[in-house]
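All values reported here derive from a predicted model rather than from experimental measurement. By convention in this document, chain letters (A, B, ...) are assigned in the order of the sequence lines, proteins followed by strands, and residues within each chain are numbered from 1. Computation of the quantities below employed the complete heavy-atom set of this structure, encompassing side-chain atoms and omitting hydrogens, waters and symmetry-equivalent molecules.
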Number of protein chains: 2
Amino acid sequence: MSDLIDELDARILNLIQEDASLSVADLAERVGLSPSPCWRRIKRLEDLGVILKRVTVLDPDRLGLGFEVYVSVKLSLPSRANLEAFEARLENWPEVVSCQTVTGHEDYMLRVMTRDMHAYDDFLRDKLLASDLVSGVESRIIMRSVRQTTAVPISLVLDKDAPKETKAAGGK
Amino acid sequence: MSDLIDELDARILNLIQEDASLSVADLAERVGLSPSPCWRRIKRLEDLGVILKRVTVLDPDRLGLGFEVYVSVKLSLPSRANLEAFEARLENWPEVVSCQTVTGHEDYMLRVMTRDMHAYDDFLRDKLLASDLVSGVESRIIMRSVRQTTAVPISLVLDKDAPKETKAAGGK
DNA sequence: TCTGAAATAAGGTTCCC
DNA sequence: GGGAACCTTATTTCAGA
């Protein structure tokens, strides 16, 4: 069990992860608490930095941005300068909703959102492949989303024997 | 320009995408509107389904879930039955925060969140590779996140010449 | 038909027990 | 942790352009 949050915190977090418009009164009732202590717990989790922010989730399909692709990117030469240059260009590519460096054969994994295949092709040609920074690209077009959540799996946090600083360690 | 949303809607959406706790009064001021029409626009976007929900974003690192991996999965035989079987098992894997079917050599792309490498290894052995459904797995461990947003690139929605039903089409 | 101002209702926030 | 007062904000209604 985490020393940071207890069972009640976890229940609260799980609820507000899914729906940030729940009132404190609603939340309190659902976790079996009165509004004040429930509010104080939320406040504490904000102060701790566990709660980062509340955001509004939009529907890309409704907005005509239903074409999504996972793109793995390999730089011709992954030097520090080239990494920085690539990431600087990224600033001007609104299509990229996610970009991280990864281990393995490729350097980056991106998630790209466009209107359709044609717009994606434009993105590839005019942006991603426009410089000689990139030596290889692999596109995995998303056909169907089985699961897509902004929620963190809190249940994993409360699990037994975390590798924490247990002074006299038991088994791992 | 989209027939669904106008410039003002786009500005509102961009603001609440980043911060759902902005008050209507704040929003109104920032987009140069009074609270009432601003509120009505938001209401309309909710009714249209453009706004799906408000969620709370947590910090995985603070919760001790800072180890994230992109996992591409290939099924031994991607039959309908096997796809369904795989997706049914997924229900019991809280580590998977994202899963979609993709084009290319693999069948699925997952995003997995665990405490550390050890926990990820457990996930692989006890869950993902436990059945004979899966014939191949490639793990891309996330080293650093360059960009990670829940926001949709609204700017792309308002772009000129969308492939909409323009009765007498101009040039593309 | 759409905008803005004011009234109302609901919820967040604080204080005290 | 719980209860109640307080104060901010969402929501509705109404008058005007």
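- Distance B/Trp39 CH2 to C/dT8 P: 18 Å, rounded to the nearest Å.
- Here D/dT9 presents its C1' atom at 14 Å from CZ of B/Arg54, a figure rounded to the nearest Å.
- Applying the 6.0 Å contact sphere to CZ of A/Arg89 captures no more than 12 heavy atoms from other residues, nucleotides or ligands.
- At a threshold of 4.0 angstrom between heavy atoms, the contacts of A/Ser23 are confined to the sugar-phosphate backbone, with no base atom among them.
- If A/Val24 and B/Ser34 are placed on DNA chain C by their nearest nucleotide, the residue sitting closer to the 5' end is B/Ser34.
- Note that OH of B/Tyr70 and CZ of B/Arg111 are 4.0 Å apart. Values are rounded to the nearest 0.5 Å.
- The distance from atom CG of B/Asp26 to atom C1' of D/dT9 is 10 Å, rounded to the nearest whole Å.
- Across the protein-nucleic acid pair, B/Leu33 atom CG and D/dA10 atom C1' stand 16 Å apart, rounded to whole Å.
- Salt-bridge check for B/Arg44 with B/Asp9: passed, with a basic side-chain N closer than 4.0 Å to an acidic carboxylate O.
- As rounded to whole Å, 7 Å separates atom P of D/dT12 from atom NZ of B/Lys43.
- Within the 4.0 Å cut-off from OP1 or OP2 of C/dT14, not a single side-chain nitrogen or oxygen of A/Arg40 is found.
- Between A/Glu29 atom CD and C/dG11 atom P the separation is 12 Å, expressed in whole Å.
- At whole-Å resolution of the value, CD in A/Glu46 and C1' in C/dG12 are 11 Å apart.
- The CG atom of A/Leu33 lies 9.0 Å from the CZ atom of A/Arg11; values are rounded to the nearest 0.5 Å.
- Put simply, CZ on A/Arg44 is 19 Å from C1' on C/dT13, counting in whole angstrom units.
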